[in-house]
Each structure stands twice: as C-alpha cells, then as structure tokens.
Amino acid sequence: MRIAFIDLASQNREIAERMRLELEQIHSNTSYVGGEQVEKFEQEFARFLGVKRVVGLANGTDALRLSLLALGIGRGDEVITVPMTFIATAAAIVQTGAKPVFVDIDPETCNMSVPALRQMLKACSPVKRKAIKAIVPVHLYGLPAPMAELKDLADEFDLKIVEDACQAHGARVRMRDGWAKAGTIGNAGCFSFYPGKNLGAWGDGGAVATDDEELAQRISLLGNHGRLSHYAHELCGYNSRLDSLQAAVVRAKLEKLDEWNSRRRTIATVYREMLAPLGVCPIPEPQGFESCFHLFVVRSTRRDAIRSALIQNEIGCGIHYPVPLHLQPALSYLGHRHGDFPHSEALADIVVSLPMHPTLAAAEIVRTVEVVSEALAEKPKSYVGKVDAAIARVGI
Ligand SMILES: Cc1ncc(COP(=O)(O)O)c(C=O)c1O
C-alpha cells in the first residue's frame, strides 16, 4: 500500500466546483494581482483569526521580513529565535540586516524554551540587551509556542513579538484572558500558504495578521513598491503581493479549515493511541495548547530504522529538520558550534514526520504504525485490538 505524506489532490477535489466558478470570474475580470479576491480574503482571514487586519503577501518569508522591517528592525539590531525551524525564520531576520540570536528549545514541546530565553536576557550585557529588539517564536509543527510566558518576558524586556505562525493556521493557545489563535498575540503574526500548509495555495502565498492598523499599513506599503497611489511611492519597497488566484484558493480552503484541522486532530489521536506501546514519542499537546497538527512528528532513538522502513514500504515521511539552523552553512558566520544548542541538536537526530493530512484513511494509519512497529522489531500484538476500538471511537 503506497501512502502519501500529504494529499493535496483530495483537497482540490473538495474545492473543485467553487474554484471552477472563481477561476471563470478571475479570467473574465482579469484582475490578477490584488483586487477583490485579495481584499475579501484579507477580511475573511482577519475574521477567522479575530484580528483587525490581515495583509496578503507573496509568501511566509516575506511576511516575517516585512513585519520586522515595518517594526523598524534592521542593521545593528538583534532578533531572538530558535535553531529548530525552517531556514526562512532566520533568513527573514538576516534579510532585514539584523542578526539572528538563537535560544534553545524545550525538549518536550520542541518550542522556544522560556527558562532559556529568560536566562539569556538576564545574562546579557546592557549593550547587547539594547541591541535585542524582537522575539520570533515559531509554532513548530502546529503546536503553539508558550505565548503567555513569552509575552510576559517581551513586556518585561520591551521586545516586539513577531510570531512565525507559518505552520499554525487555526492552532490555539490559552492566554491569561482566554484562548487566542496562533498568530494573533504578538505585534504581528506571519503565515505561509505554501501548498502543503494546513491552509495552502496553488503556489506561494503569505499574510501578516495584526491588530495594529498603522503596522498593517506599513507592511502593505512595503509589500507593494512603497506605493501610495499608482505612481506615487513613499519609499522603495518590495514586490510581495498575494495574487488573485492564490487568494481565491485560500478563500475556498479557509471555509474547510476548521473541518480539516479537526480531522487532523482525530488522526493524531489514533496515531498517539496506537504508537503508545511502541515507545516512540509524539510531540505532546500540553494543557492550554491546541495544535493544528500541521505535521505528526514522533521521536525515537531508532529514527533512522523507522525512516528506512517507511521509505522501503512506500510510506511518505520527512525529517523536520535534519540540521538545526546554527549548524547550517548559511549561518556559519554566526560562529556557532556543535553543543551550543543541545536540545535542538538532539531533536534533529531523532525526529521523523509520519503521513498527516485530513483525508488519511484508517487503513493507512494502521499500515504506517505496523511498519514503525516492524522497524522497531516489536510484536504488533501490543496494539492490535486497540486499533478497531480507536477507529470506531473517532469514526474515521
Ligand atoms: C516555520 C516556517 N517559517 C517560515 C516559512 C516560510 O514560508 P514560505 O515558504 O511561504 O516563504 C515556512 C514555510 O515553509 C515555515 O515552515
């Protein structure tokens, strides 16, 4: 049985009729960049998130870069993030002229460690403290970072927060005054609509969410050639616009997002239950955190055996990420070495992402777990029997 890591074709089938009509309309009014589709998406996504403004952009990397630039961050500044993330998180910081400063992750949640951040901020010299302008927490794999504590620290040290919510569409976290969606807590929340995301376009796309009208205005200006009107430019900006076609796709998918995220949650529940006897360790979902299960990642010291078995059996899998950013050649100028961020380094050696998408079938989950089990030379009897019960209960 061949099992796909993600299945975008089945998502396309669910939005096919609507997209046929939207495409007809786009091609007849030929408004390909900006226009009604983008405006409507910005309003609908703002409503979904519960923020005042969403600005559509060309991709998630630009969402991060333009948010930082719009907050006045640039050369001479430093911005804190984690080493265990996709390169774009740090690249966006570098592209502003600022220096990325890494803080290690919590080994359990795999998100930014609050004690490590606090210790770093308390230990740094007054000059360094002054240079640090912002934190970019990453909601890795769809599990929100500890935003309540991070916000307290940001307030204490007068730091901006730019959330990397590129993997966290619809995830939620409990704040002191109730639940909030990932990407709505910091000064700006950055989303990617890369096709494989929970809310994915048919190409690249991205957006920033914010309650700060002025910031939204500035990000929009930066992303559209610094344009005030067609040929009046306040500044030399960038060309980073969400196009109509991508906006139409993410509008159609946004209507399905809650349902799709809930199917991901069900699948994660079944995976967790079936994997429990095998000793592999999924990313937890602590109280007060609601993942959107962008990826279903497990940790095992026998990761390489699991991965080989999955590949051999034509089961899609991935490693997110094999090399932490402080050890990437692109960032070698920062002068880090092995051992600098031990939790990120350890995680890179033990993670493997199993198939996860809203239409993953029960039989596909069973087969995937079987192969993991065989790779670990475990007897499947430990979970057989539980499978039917788990599937009947969650109804997939
Ligand atoms: C954590 C994280 N940050 C940033 C990005 C960058 O988004 P994009 O590929 O849309 O530029 C991604 C997307 O792959 C991501 O996963």
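Note that ligands are numbered from 1 as they come in the structure, with each ligand's atoms numbered from 1 the same way.
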His139 side chain to Glu163 side chain, donor-acceptor N/O pair below 3.5 angstrom
yes
Is Thr89 near ligand 1, meaning one of its heavy atoms is under 4.0 Å from it?
yes
Contact check: Gln167 vs ligand 1, nitrogen or oxygen atoms, below 3.5 angstrom:
yes
Per-atom filter on ligand 1: closer than 4.0 angstrom to a heavy atom of Asn59 are 10 (O), 11 (O)
Run the numbers for me: atoms of ligand 1, each under 4.0 Å from some heavy atom of Thr85, listed by number.
1 (C)
With atoms numbered from 1 as shown, which atoms in ligand 1 lie under 4.0 angstrom from a non-hydrogen atom of Ala88?
4 (C), 5 (C), 6 (C)
Lys197 NZ/CZ over Phe191 ring centroid, <6.0 Å and within 45° of normal
no
Cys166: numbered ligand 1 atoms lying under 4.0 Å from its heavy atoms
2 (C), 3 (N), 4 (C), 5 (C), 12 (C), 15 (C)
For Phe102 and His336, take the angle between the two ring planes, folded into 0 to 90°, and tell me which bin it lands in: parallel under 30, tilted 30 to 60, perpendicular over 60.
tilted
Starting from atom 14 (O) of ligand 1, locate the nearest protein heavy atom and write down its residue, its atom name and how far away it is, to 0.1 Å.
Lys197 NZ, 3.0 Å
Option set Asp164, Val136, Thr61, criterion heavy-atom distance to atom 2 (C) of ligand 1, minimum:
Asp164
Determine, for Tyr238 and Arg65, whether the Lys NZ or Arg CZ falls below 6.0 Å from the six-membered ring centre while staying within 45 degrees of the axis.
yes
Flag Ser192 as yes when one of its N or O atoms lies below 3.5 Å from any N or O atom of ligand 1, and as no otherwise.
yes
Residues 253-309 vs ring pair (Phe, Tyr, Trp, His ring centres under 6.0 Å), sequence neighbours excluded, gives Tyr271-Phe296
Same cluster (ILVMFWY, side-chain, under 4.5 Å), Tyr194 and Val297
no
Any N/O pair Gly60/ligand 1 closer than 3.5 Å
yes
Hydrogens and angles aside, do Ser113 and Asp104 bring a side-chain donor and acceptor to less than 3.5 Å of each other?
no
